[in-house]
Number of protein chains: 2
Amino acid sequence: MDLRRLRYFVAVAEERSVGKAAERLRMAQPPLSVQIRKLEAELGAPLFRRGTRGMDLTEAGLALLSRASEALALAEEGFEAARAIASGQRGRLSVGYMFVLASAVLPRLVPELRRSLPGVDLDFVELSASTRKTLLLDRAVGVALCMPAIHHPEIQVAQIGTQPLMLAMPARSPLARLSAVPVGKLQGRPLIALPRPEEEPTSSAVSAMLRRHQVVMPIVSRVETVHSALSLVLAGEGFSILPACAKLGAPPGIAFRRFVDIADTIEIAACWRRDSSSPLIRNFLKSAEKVVARL
Amino acid sequence: MDLRRLRYFVAVAEERSVGKAAERLRMAQPPLSVQIRKLEAELGAPLFRRGTRGMDLTEAGLALLSRASEALALAEEGFEAARAIASGQRGRLSVGYMFVLASAVLPRLVPELRRSLPGVDLDFVELSASTRKTLLLDRAVGVALCMPAIHHPEIQVAQIGTQPLMLAMPARSPLARLSAVPVGKLQGRPLIALPRPEEEPTSSAVSAMLRRHQVVMPIVSRVETVHSALSLVLAGEGFSILPACAKLGAPPGIAFRRFVDIADTIEIAACWRRDSSSPLIRNFLKSAEKVVARL
DNA sequence: CATAGGCATACCGAAAACGTATGGGTTGGC
DNA sequence: GCCAACCCATACGTTTTCGGTATGCCTATG
């Protein structure tokens with residue numbers, strides 16, 4: 001009842017000769033002969049007719065051969081599948097991403113993932129500020145691209161890139177004539193902000209930066225998505241402070257400018273459940289880092 | 001790459017516990033634990049997550065499990081098939097029979113074979129005097145029921161019964177009033193004979209018997225089959241000397257009588273190629289003997 | 001009759017597997 | 001908070017099995 005015996009049997013049956021099969025199996029002829037006879041003894045059935053010129057399958061041998069080769073192929077397939085899954089070349093992965101990153105990252109990330117992980121069944125889901133943590137903890141998504149990271153004891157974080165903060169304003173605004181804006185110039189100007197820090201930590205980096213420079217900007221609107229913020233900016237409602245990558249999804253008529261002497265960045269992070277850490281996620285990280293590095 | 005390892009793996013996966021699986025496999029727990037780890041090492045893939053309350057399959061393990069259980073089932077099926085074929089419980093057998101035996105033997109033999117060899121794919125072919133030897137040698141039939149045996153160096157014969165010779169005549173014939181007919185009474189009467197001895201040895205037993213009793217019967221017809229012979233007898237063309245079993249297929253109006261003081265019999269034999277002797281044929285013989293004994 | 005080719009048998013050394021004894025980590029109850 | 005129970009992992013000695021070498025037997029061939 002040994003997989004090796006079956007392999008030997010199939011070899012002998014295919015070569016119709018113990019000697020030839022032994023050569024193919026890189027072993028000596030006598031032990032192979034012994035194994036075949038042991039198999040026959042275990043089964044209580046002669047599998048070969050020994051002729052003077054090699055071996056010939058009996059009916060019983062023929063019946064065994066078809067099943068045995070199928071079984072061997074199936075076992076081999078199982079081994080391969082397990083190896084592929086264990087090395088993260090195969091499986092299923094649901095990738096969550098936050099809206100800010102959609103325009104900048106997805107168009108490059110999706111083809112890159114499909115290329116480097118062809119055996120993986122990928123799907124992509126947009127995360128909202130209110131559900132992202134839940135979806136991750138409930139395993140509805142396997143890994144989430146966030147900006148910045150989610151903090152939670154069961155969630156593991158890997159930073160895969162950073163983005164400088166930039167000022168978004170209407171192109172016709174006088175400040176847009178500067179190539180870099182001094183932070184002080186923002187004093188008192190209306191700010192279109194993203195959700196409160198508790199739910200959407202992106203804006204906490206912004207308020208920290210403003211606080212550090214002792215600049216106060218009255219918040220005229222709080223919106224859920226970058227897209228809404230940009231629309232309000234375009235409408236002349238105020239200014240917004242966003243990661244540089246938001247520029248890629250911005251409509252024409254919006255100007256993005258960096259700040260003078262300010263190196264504040266916000267991190268792009270991959271987050272996943274600590275207990276569902278897997279080689280597949282490791283492979284995902286490699287691809288994501290590669291894509292984000294070229295932003 | 002051992003079938004045993006796969007069996008162990010499936011047991012552990014199903015029991016979700018090394019200890020339980022070891023119990024099921026009638027072995028100690030530590031060696032089983034070792035085998036599982038060896039399998040994982042060979043694959044380079046962790047198959048289980050070790051929790052504090054037993055083992056839990058990983059994705060890779062799940063992928064292997066489905067294939068492994070299929071492969072095991074297939075291998076087991078192959079073993080069973082080989083065993084069944086080797087013990088003659090399974091296979092294909094073409095049974096040839098001579099026309100004389102059709103009415104008497106087939107109605108009992110066919111159900112008996114289907115009952116005792118349910119796994120065997122049987123078919124039945126009628127043999128003619130001219131083709132029976134060829135069909136057997138060409139393996140078109142695996143075994144042939146003949147009366148009497150075929151003689152040929154490559155053909156093996158087993159006698160499975162005997163039949164007394166009987167006189168067939170119209171029921172209105174004066175001889176039919178006797179319960180047993182003295183051979184001498186046949187002197188000079190017309191005989192309806194079966195084919196010449198070279199091709200149809202049945203009639204050689206008849207002529208030998210007549211010769212031995214110095215009785216001469218002019219042959220008025222030579223016909224191919226018992227059925228034709230009986231039709232001519234019914235038509236009043238003459239007498240025929242046939243094995244007792246022919247009575248079972250005879251139309252009404254024909255009387256069969258035994259002979260006085262004559263124990264001449266003709267053998268019913270099974271014939272098959274010496275080199276295709278198999279347990280299946282051995283099983284066939286058992287059934288055939290059983291049926292013929294009750295004629 | 002001698003030789004060659006192919007499978008089977010015998011024996012020995014090496015490797016693998018099994019069992020017993022034991023360790024370590026976690027859970028659950030007193 | 002400690003101790004017992006449970007379960008898997010490790011260590012080691014014994015036994016089984018496997019593979020290699022040497023050799024025998026049979027048959028076909030020249």
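Note that this is a predicted model, so its numbers are computed, not measured. In the text below, chain A, chain B and the rest are named by the order of the sequence lines, each starting its count at 1.
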Using atom [atom1] of [X] as one end and atom [atom2] of [N] as the other, report the distance to the nearest whole Å.
X: B/Leu3; N: D/dC18; atom1: CG; atom2: P; result: 13 Å
X: B/Glu40; N: D/dT10; atom1: CD; atom2: C1'; result: 15 Å
X: B/Asp56; N: C/dT26; atom1: CG; atom2: P; result: 17 Å
X: B/Arg5; N: C/dA17; atom1: CZ; atom2: C1'; result: 9 Å
X: A/Glu42; N: D/dT17; atom1: CD; atom2: C1'; result: 12 Å
X: B/Arg49; N: C/dG25; atom1: CZ; atom2: C1'; result: 19 Å
X: B/Leu39; N: C/dA16; atom1: CG; atom2: P; result: 15 Å

Side-chain atoms of residues 25-38 of chain A: list all donor-acceptor pairs with protein atoms under 3.5 Å, sequence neighbours left out, distances to 0.1 Å.
residue	atom	partner	partner atom	Å
A/Gln35	OE1	A/Arg5	NE	2.7

Taking only the side-chain nitrogens and oxygens of [X], find out if one of them lies under 4.0 Å from OP1 or OP2 of [N].
X: A/Arg4; N: D/dG19; answer: yes
X: B/Arg50; N: D/dC7; answer: no
X: B/Ser17; N: D/dC7; answer: no

Extract all donor-acceptor atom pairs below 3.5 Å that involve side chains of residues 11-22 of chain A and protein atoms in other chains or at least two apart in sequence.
residue	atom	partner	partner atom	Å
A/Glu14	OE1	A/Arg24	NH1	3.3
A/Glu14	OE1	A/Arg24	NH2	3.1
A/Glu15	OE2	A/Arg24	NH1	3.0
A/Arg16	NH2	A/Asp56	OD1	3.3
A/Ser17	OG	A/Gly19	N	3.2
A/Ser17	OG	A/Lys20	N	3.0

Exercise for the section: Could you tell me the separation between the CG atom of B/Leu101 and the CG atom of B/Leu127, rounded to the nearest 0.5 Å? Expected result: 10.0 Å

Practice task
For B/Tyr8, answer base if it contacts any base atom (sugar-phosphate contacts may also be present), sugar-phosphate if it contacts only those atoms, and nothing otherwise; contact means non-hydrogen atoms under 4.0 Å.
Solution key: sugar-phosphate

Handout entry: Residue pairs, two or more places apart or on separate chains, that pass salt bridge (Lys or Arg N to Asp or Glu O under 4.0 Å) and touch residues 142-159 of chain B
Key = B/Glu154-B/Arg273

Exercise for the section: Using the side chain to side chain donor-acceptor pair (under 3.5 Å) rule, collect all pairs that involve residues 135-145 of chain B, keeping only residues at least two apart or in two chains. Expected result: B/Arg139-B/Asp275

Practice task
Could you list by number each residue of residues 20-38 of chain A showing a heavy-atom separation from DNA chain D of less than 4.0 Å, or answer none if no residue does?
Solution key: A/Met27, A/Ala28, A/Pro30, A/Pro31, A/Gln35, A/Lys38

Problem - Contacts of type side-chain contact (heavy atoms from CB on, under 4.5 Å), residue B/Ser287, not counting sequence neighbours - result: B/Glu112, B/Leu113, B/Ser116

Practice task
Side-chain contact test, heavy atoms from C-beta onward, threshold under 4.5 Å: evaluate it for B/Arg92 versus B/Val120 and give yes or no.
Solution key: no

